[in-house]
Structure formats: C-alpha cells, structure tokens
Number of protein chains: 4
Amino acid sequence: MKLKMPIIIVNYKTYSEATGKKAVQLSKAAEDASNESGVSIGVVPQYVDIKSVCDAVSIPVFAQHIDPIVPGSSTGHVLLESVKEAGAIGTLINHAEMQLKLADIETIVARAREAGMVSVVCTSNAAVSEAAAALNPDIISLEPPELIGTGIPVSKSKPDAVTKMVALVKHVNPSVVTLCGAGITKGEDVTAALKLGTMGVLVASGIVKAKDQRKVLMDFADALSETM
Amino acid sequence: MKLKMPIIIVNYKTYSEATGKKAVQLSKAAEDASNESGVSIGVVPQYVDIKSVCDAVSIPVFAQHIDPIVPGSSTGHVLLESVKEAGAIGTLINHAEMQLKLADIETIVARAREAGMVSVVCTSNAAVSEAAAALNPDIISLEPPELIGTGIPVSKSKPDAVTKMVALVKHVNPSVVTLCGAGITKGEDVTAALKLGTMGVLVASGIVKAKDQRKVLMDFADALSETM
Amino acid sequence: MKLKMPIIIVNYKTYSEATGKKAVQLSKAAEDASNESGVSIGVVPQYVDIKSVCDAVSIPVFAQHIDPIVPGSSTGHVLLESVKEAGAIGTLINHAEMQLKLADIETIVARAREAGMVSVVCTSNAAVSEAAAALNPDIISLEPPELIGTGIPVSKSKPDAVTKMVALVKHVNPSVVTLCGAGITKGEDVTAALKLGTMGVLVASGIVKAKDQRKVLMDFADALSETM
Amino acid sequence: MKLKMPIIIVNYKTYSEATGKKAVQLSKAAEDASNESGVSIGVVPQYVDIKSVCDAVSIPVFAQHIDPIVPGSSTGHVLLESVKEAGAIGTLINHAEMQLKLADIETIVARAREAGMVSVVCTSNAAVSEAAAALNPDIISLEPPELIGTGIPVSKSKPDAVTKMVALVKHVNPSVVTLCGAGITKGEDVTAALKLGTMGVLVASGIVKAKDQRKVLMDFADALSETM
C-alpha cells in the first residue's frame with residue numbers, strides 16, 4: 001500500500017466549504033499541515049474536484065465512492081479508471097451516506113486491488129467490520145452512523161466498539177488497517193483513536209466545517225505526531 | 001435557455017474511448033465539428049472530466065446526472081453546485097442507465113431551473129415523456145431502452161413512438177424541447193429524427209465507439225445543418 | 001372502476017396494531033363502519049395478511065405496493081397475480097415510504113389497468129401529481145411527506161396544495177380521482193378534504209394508532225356521509 | 001435451530017406454477033415427498049401465500065425476504081413479525097434477485113436471531129460467503145448468479161467454488177450450515193452437492209418449472225436420503 005501510517009483522512013462530502021476552488025484551498029492547507037508535522041494526511045474531494053486537487057497537491061487523494069462497473073454503458077456512474085487517471089490513489093467504499101450491497105463491496109474491493117488503488121471500506125459496527133475484513137480491503141474505518149456530524153467522538157463515547165472492531169478485524173484478516181471516525185473534532189479525539197488500536201481517523205465536518213480549517217488540521221496532525 | 005437548437009448531444013457514458021485525456025480530445029473534435037458546420041453540439045463527460053473538458057472547449061458541457069441534494073453530508077453524491085462551478089451548463093436526468101424516482105426527478109428539475117442550468121430528462125416511452133413534461137424541464141429526450149447501443153435507430157425503427165412523444169409533450173407543455181436517441185449511428189438517422197418533429201439527437205456509442213469519431217461527428221453535423 | 005366514491009382508504013403500513021389477527025379485526029371494524037354509514041371504506045394490509053383479510057370481509061382490499069414484474073425469477077418481489085388471486089382489487093403505488101422510479105410507476109399502472117385492478121398513485125406535491133396524472137392511474141392521492149404521521153391534517157394546513165393538485169390533475173386527465181392524506185385524525189379533516197375537491201382520504205396512523213379504532217372509523221365515515 | 005439436516009429448500013420465486021393455490025399444491029407435494037423419504041424439505045412461497053401454505057402443511061416454510069425494519073411506518077415493506085405470525089420459521093436473505101446492503105444483512109440476521117427465526121443468507125461467491133459467515137447467520141447458500149436458472153448444476157460445474165466456500169465459512173464460523181444452489185435439476189446434482197461438504201441444496205426452477213414437480217421432488221429426496 002502506498003500510504004504511510006498513521007493517517008488522517010479528510011472527507012469533503014458535498015460541503016460548500018470544500019467544493020470547487022475551496023476544495024483546492026483546503027487540500028493545500030492539508031498538504032501544509034502534513035509537511036509541517038510529518039504526519040500523513042489524505043483528502044477525499046467530490047468527483048468533479050479530484051483532478052484539480054490532484055494537480056494542486058502531492059498528498060494522497062481518494063474518491064468518495066466508485067461503482068462496481070467496468071468501462072462501458074453506465075451513464076452517471078463512477079468509473080475506477082476515470083478516478084485513477086485524474087490522480088486519485090484510492091477510494092472510500094460503503095460510506096454510511098453511500099451504502100452498498102455486499103456483492104458490490106466485494107467487486108469494488110477486488111477491482112481496486114487489481115488496479116493498485118487503496119480501498120477504504122466504511123462500516124457501521126463491529127459485526128459489519130468483521131464481515132468487511134473477509135473481503136480483504138486495505139483499510140476498514142468504523143463510523144457509527146448515529147455519531148456522524150454530532151461532535152461526540154467515537155473514540156471517546158464508544159471506545160469498546162472501536163477496540164472490539166479492531167480485534168475482530170485483526171482476527172479475520174491481520175493485514176487490514178483500521179481507522180475510526182464520526183464526531184472527531186479535537187486533537188485529543190485523534191489521540192484517543194490511536195490508543196484504541198486504530199491507525200488514524202476518517203474525519204469530515206470536524207475539519208471542513210471548522211471556523212479555521214487550517215488550525216484544526218494542525219491540531220489533529222500534532223496530536224497524531226505526538227503518538228508516533 | 002442557453003442552447004441554440006437544433007442540437008446534437010454526445011453522451012460519453014463510461015466508455016474508455018471518452019475517459020480522461022480522451023474525453024478532452026473528443027470534446028475538441030466536437031467543438032471543431034460545431035465550428036465548421038455551424039451546428040450546436042453538446043458533450044456529456046464523466047463527472048471527473050467535466051472541468052478538464054470545460055477548460056478545453058467552449059461548446060455546451062453537461063453532467064450525466066446530479067443528485068437531488070443540497071450542499072451538506074452526502075458522501076459520494078453529485079452536487080449541482082460542484083458541477084456548475086466546474087463549468088457544466090446543464091445535466092442529463094433519469095438516463096435509462098441511471099433511472100430515478102419520480103419525486104427526485106421533480107426535485108432535480110426544480111433545482112436546475114433555480115440554478116439556471118439546462119435540464120435534459122431522458123424517458124423510455126411516450127407515456128413517461130408526457131409525465132416528465134408536466135415537471136417542466138427544458139428538454140425531454142426519448143430513448144427506448146431496447147434500442148440503446150444496438151445501431152437500430154429510434155428515428156427509423158420507431159417513428160410512431162417519436163411522433164407520439166413529440167405530440168404528447170407539446171400538449172402538456174409546449175415550451176419543452178424534444179430530442180430522441182438510441183441506435184443513432186449515421187447522418188441520415190439524425191435527419192430522420194428532425195423530420196419526426198424533434199430538435200436533435202442524444203447519441204453515445206454511435207460517436208464515441210466509432211472508428212473515426214471526428215468523421216462521424218462531421219457526418220451528423222452536416223446532416224443536421226442541411227435540415228436547418 | 002369497482003369503487004364507489006367518496007372513499008376512506010386505511011393504510012395499515014407495518015404497524016403492530018394492524019398485523020396478522022389484528023389486521024383482520026381492524027378490517028372487520030372497517031366493514032362494520034362501512035355498512036352502518038353507507039360510506040365506502042377500503043383497507044391496505046401487509047402482503048402476508050391480504051388473503052386473511054379478503055377471506056374475512058367484503059370491503060375493497062388493496063396491496064401496499066406491487067413490483068413492476070411479470071411472473072418468473074424475481075425472488076422477494078411482489079407479483080400482481082399473487083395479490084389479485086388473494087383477493088385484492090387494487091394497489092397503492094409510489095407511497096412516500098416506497099418511492100418508485102418514474103418508468104416503474106408507468107409499468108405498474110399499465111399492468112394494473114390490464115389486470116382490472118385499481119391503481120392508487122401516491123404523490124408528494126402538486127407537480128408530481130400532475131406528472132402522475134399523465135400515466136392514467138385510477139386514483140392519485142396527495143400526501144405531503146412532511147405531514148405524514150404528524151396529526152397536522154393536509155386538508156387544513158395545506159389547502160392550497162390540495163386544490164392546486166386537484167386542478168392540475170383534472171387539467172391533465174379529468175378521469176383521475178383525487179384523494180389526499182397525511183395528518184388526518186378527525187372527521188372534520190375528512191370533511192375539509194372533500195370541500196377541497198377530493199373524493200376522500202388515504203389515512204394510516206389516524207385510525208390504526210387510535211385508542212379506539214372503531215370509534216375513529218365511525219367518526220370518519222359519518223363525516224364523509226354528511227358531505228354526500 | 002429448528003431444522004433437521006440435510007435439507008432441500010424450494011424457492012417458489014414469483015413463478016406462476018407456484019403462486020396462490022398452486023403454491024399450496026406444491027407445498028403438499030413437498031410434504032408428501034418429505035414424509036415418504038424421511039428427508040427434510042422446506043418451501044419458500046411468496047409473501048401473500050405464506051399463511052395458506054403454513055395452514056396446509058407441517059414442513060418448514062420460509063419467507064423470500066424480510067426488510068430491516070421494526071413495526072411502524074414502512075408501507076410496502078416486509079415485517080418479520082407479520083411473516084412469523086403467519087407461520088414462517090425463517091427467511092432467505094440477500095438472494096441474487098433481492099440483493100441487500102451489507103449493513104441491512106447484518107440487521108436482518110440479528111433480528112431473525114432475536115426472534116428465533118432461521119436466517120438463510122444467499123451469496124454469489126466464496127469471498128462474499130466468508131463475509132456473510134462473520135454475521136453469524138444459521139445457513140449460507142452459495143448461488144453463483146451466472147448459473148441460476150440454467151440447468152447447469154453448481155455442484156458439478158463449479159465444485160471448487162463450493163468446496164472453497166465451505167472451507168472459508170467453516171474457518172470464520174464453524175456453526176454456520178452451508179448449502180448450494182443454481183442449476184440443480186436432478187437427484188445426482190443433489191448428491192454431488194452433499195459430497196462437496198454442503199448440507200443440502202436451495203433449488204427453484206429445477207422443481208417449480210418441472211413437468212412433474214412431484215416426481216422431481218421425490219428424485220431429489222431419494223438422492224439426499226441415500227447419502228444420509
């Protein structure tokens with residue numbers, strides 16, 4: 001895998017604060033924070049912005065989703081090859097806001113593997129994480145849906161869910177890296193996530209909707225740097 | 001509406017021959033054919049390629065789909081605002097390969113109207129076209145699913161379906177422009193479409209998968225030019 | 001159409017209070033209220049309960065949904081023929097909790113028509129109702145999703161939406177009967193619905209979740225009876 | 001679990017030959033074959049027919065699908081409680097013709113477990129089967145989609161896929177029973193399935209579409225009986 005761990009992955013969702021030119025600006029701020037801290041930071045812009053972001057920065061860029069398709073007659077679908085040619089090195093799969101059929105997750109993870117792209121499967125609880133681990137993705141990120149966007153950090157409010165997820169994933173497939181997300185807004189939430197056995201966090205509103213995105217990025221990166 | 005009629009709209013789907021750099025090349029060929037013939041040609045690249053295409057050409061660019069969302073927490077979805085900022089002037093809606101719920105079509109058409117973007121609703125038969133007309137889109141394009149990609153032109157094999165569609169749409173909503181598509185591979189298919197009362201064609205493999213894309217584009221544009 | 005207007009249609013959803021034996025009991029109460037008042041009352045039990053209900057009562061029974069399929073390899077789908085053989089005389093289509101693709105609504109309405117079954121298309125606003133009218137169903141029922149289950153009656157809180165819907169539907173297709181629903185809990189809400197030009201109401205929790213289902217049924221039927 | 005192994009499970013899909021009264025007749029034939037052979041046979045009628053079938057026979061009856069819902073406002077959805085009250089003792093989950101999101105499979109399996117109902121998760125390949133095993137269902141049935149309805153038996157044409165599936169499932173979760181299906185039309189296909197390590201077959205058209213359903217049922221049951 002092309003990624004250095006631990007890592008902070010920032011999901012831009014479809015937030016205004018991370019669309020178009022603002023997606024490029026935020027990605028530059030993430031690159032600065034990564035360079036200053038020595039910590040790995042990846043970004044996940046909207047499809048339309050992938051190329052602009054990849055052209056502007058050297059940090060890892062992910063797609064928010066790809067479809068289980070090969071090139072052909074699939075109007076409106078997202079093709080791995082288009083995302084890869086634009087410069088993305090991986091993709092989220094099965095985010096809580098873009099949930100997929102089991103067979104499609106398997107297809108997409110397999111396609112990503114063949115194409116040398118990093119697969120990040122998002123899961124909602126420990127049992128689903130264990131199932132996902134059997135599909136052999138690179139990364140599994142646990143995000144309890146009820147905490148997304150709440151500011152209540154999964155790493156603090158559901159530490160047992162995270163440690164259980166880490167244990168189950170390792171049991172099924174020790175090569176899978178685990179992350180966690182949902183409600184992460186402070187450096188200490190990131191530190192807590194690492195202490196529970198994960199290799200980093202998947203974060204969205206905590207950074208994108210912050211008054212000072214750059215400051216929160218540095219706060220997160222510093223917290224991660226101290227645990228390394 | 002910002003479009004000059006009649007028009008040829010070229011849907012790139014997720015074809016290899018119209019992905020990434022090839023999407024830009026094909027768009028330049030379309031622009032050349034448009035300039036040489038004086039005929040309006042629009043292109044519909046994948047999301048990831050919208051900005052590169054818009055930066056490279058001045059002809060109308062459409063998205064293949066947008067989701068019925070506003071900015072916010074919608075990972076993996078396609079936001080009108082991102083597509084518009086990248087330079088697209090409109091979007092396909094409800095393509096046979098990306099069919100939508102009735103209420104979502106209504107929402108997307110309304111969002112496009114507010115944003116000043118051209119809405120092109122694709123439909124599968126005359127009754128569905130009539131229903132779509134009630135939602136007040138700019139354009140309705142009839143594409144019988146059973147003919148898509150076959151090389152059997154709708155304008156020749158189902159002329160009655162096209163004239164019925166045109167009549168029903170006009171009856172419900174005279175301001176809606178009608179197109180047709182599916183199986184269009186030759187200039188004479190385009191001419192036939194115009195004679196049935198449409199204002200142009202929505203075409204995909206007929207151009208994208210052609211051995212000589214540029215030649216077919218000119219063939220289509222010349223056919224359309226002669227009918228003007 | 002086999003139905004006498006005006007009508008009260010009671011959607012059992014998947015409420016515990018209207019599942020299995022309780023579905024049969026509620027249907028008998030509806031039949032009693034219909035017989036006593038002379039008002040038409042239809043019921044919409046879960047698939048599993050359709051036959052038991054049809055065997056127990058003589059009032060009109062509807063399915064909550066059918067799929068756009070013909071007999072064959074469609075595990076888990078709902079076949080018109082099975083619903084009809086069990087005794088249902090019609091079906092809801094596109095309920096807010098079971099929204100469908102536009103092309104599928106067209107297919108289901110056409111299948112219902114061929115099979116002599118009553119089609120009741122549910123819609124979320126006036127524009128969607130107008131589109132649905134073009135598909136030529138027997139009945140269109142307007143249910144603003146934001147009012148479903150609230151106890152705020154559509155007939156009182158959104159009278160303009162109802163009258164606009166009725167007018168648009170009549171304009172496109174005068175043979176379509178209009179109903180309205182959402183938030184209906186009292187006889188006076190039913191009376192208000194009739195005064196707005198509809199031929200009755202589609203109601204769910206207002207009756208199913210009532211402390212005394214039988215009493216509310218009689219209250220609704222009496223209100224309707226007075227307007228006849 | 002309430003089932004005796006090995007087992008033949010017959011999926012009625014939405015076949016005309018197994019709808020309504022014909023569903024009851026076929027179920028009686030299955031009961032006869034089970035009684036005569038001493039072999040366990042389960043049947044999977046459409047929702048509407050579950051109660052009639054359960055009232056007519058004593059063999060195990062399954063639903064074709066249930067939705068990941070609790071009682072409430074879910075028009076058109078299939079509620080575990082309604083299926084159970086009608087007499088079903090279990091349900092198929094994630095059939096190739098009714099594929100589900102990963103998180104929904106987890107929810108449905110967990111609901112079935114709590115309710116004491118048998119969960120039969122259908123899977124398309126060995127990797128997906130392994131993932132499903134982590135969700136702790138009672139039964140996993142491998143059905144390669146490309147063989148469904150072909151008459152090419154999975155147990156003969158893809159023996160390696162079946163043995164791999166059995167091994168992976170046992171590795172993740174030894175308590176899960178494995179079946180296989182697709183293309184099973186003869187007793188010898190059933191025997192082959194058992195020899196590959198499964199505990200039986202999930203069959204549909206092989207029995208439902210047979211000229212003499214009763215004869216094929218006995219042929220299957222005899223084959224299974226000989227291996228016991």
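Just the heavy atoms: all of them, side chains too, but no hydrogens, waters or symmetry mates, feed the values below. Residue numbers start from 1 in every chain, and the chains themselves are labelled A, B, ... in the order their sequence lines are given, proteins ahead of strands.
Neither the backbone nor the side chain of C/S205 comes within less than 4.5 Å of any heavy atom of chain D. Heavy-atom distances place the side chain of C/H95, and not its backbone, under 4.5 Å from chain D. Heavy atoms closer than 4.5 Å to chain C are found in the backbone of D/V70, but not in its side chain.
Between C/K51 and D/K51, every side-chain heavy-atom pair lies at or beyond the 4.5 Å cut-off. Contact check for C/T19 versus D/L79: side-chain heavy atoms found under the 4.5 Å cut-off.
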Verdict with reasoning, D/S82 to C/D49, per side chain to side chain donor-acceptor pair (under 3.5 Å) | CA-CA 8 Å; D/S82 85; C/D49 299 326; 5.4 Å; no
Could you go step by step and tell me if C/V48 and D/V48 meet the side chain to side chain contact (heavy atoms under 4.5 Å, CB included) rule?
-> CA-CA 5 Å; C/V48 174; D/V48 174; over 6 Å; no
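C/S73 and D/Y15 share a donor-acceptor pair across their side chains, judged by distance under 3.5 Å alone.
Listed by chain and number, the residues in a ring-ring contact (aromatic ring centres under 6.0 Å, His included) with C/Y47 are D/Y47 (sequence neighbours excluded).
Within residues 57-67 of chain C, the residues having any heavy atom closer than 4.5 Å to a heavy atom of chain D are C/Q64, C/H65, listed by residue number. Residues of residues 100-117 of chain D lying within less than 4.5 angstrom of chain C, judged on heavy atoms, are absent.
Sequence neighbours left out, the pairs with a member in residues 7-32 of chain C that pass salt bridge (Lys or Arg N to Asp or Glu O under 4.0 Å) are C/K13-C/E97, C/E17-C/K209, C/D32-C/R214.
Top candidate by heavy-atom pairs under 4.5 Å with chain C, chosen from D/G72, D/P71, D/S16, D/S52, is D/G72. Ranking C/A204, C/A18, C/S74 against chain D, the residue ahead of the rest is C/S74, based on heavy-atom pairs under 4.5 Å.
Of the inter-residue distances, the one linking C/L92 atom CG with D/T75 atom OG1 reads 7.0 Å to the nearest 0.5 angstrom.
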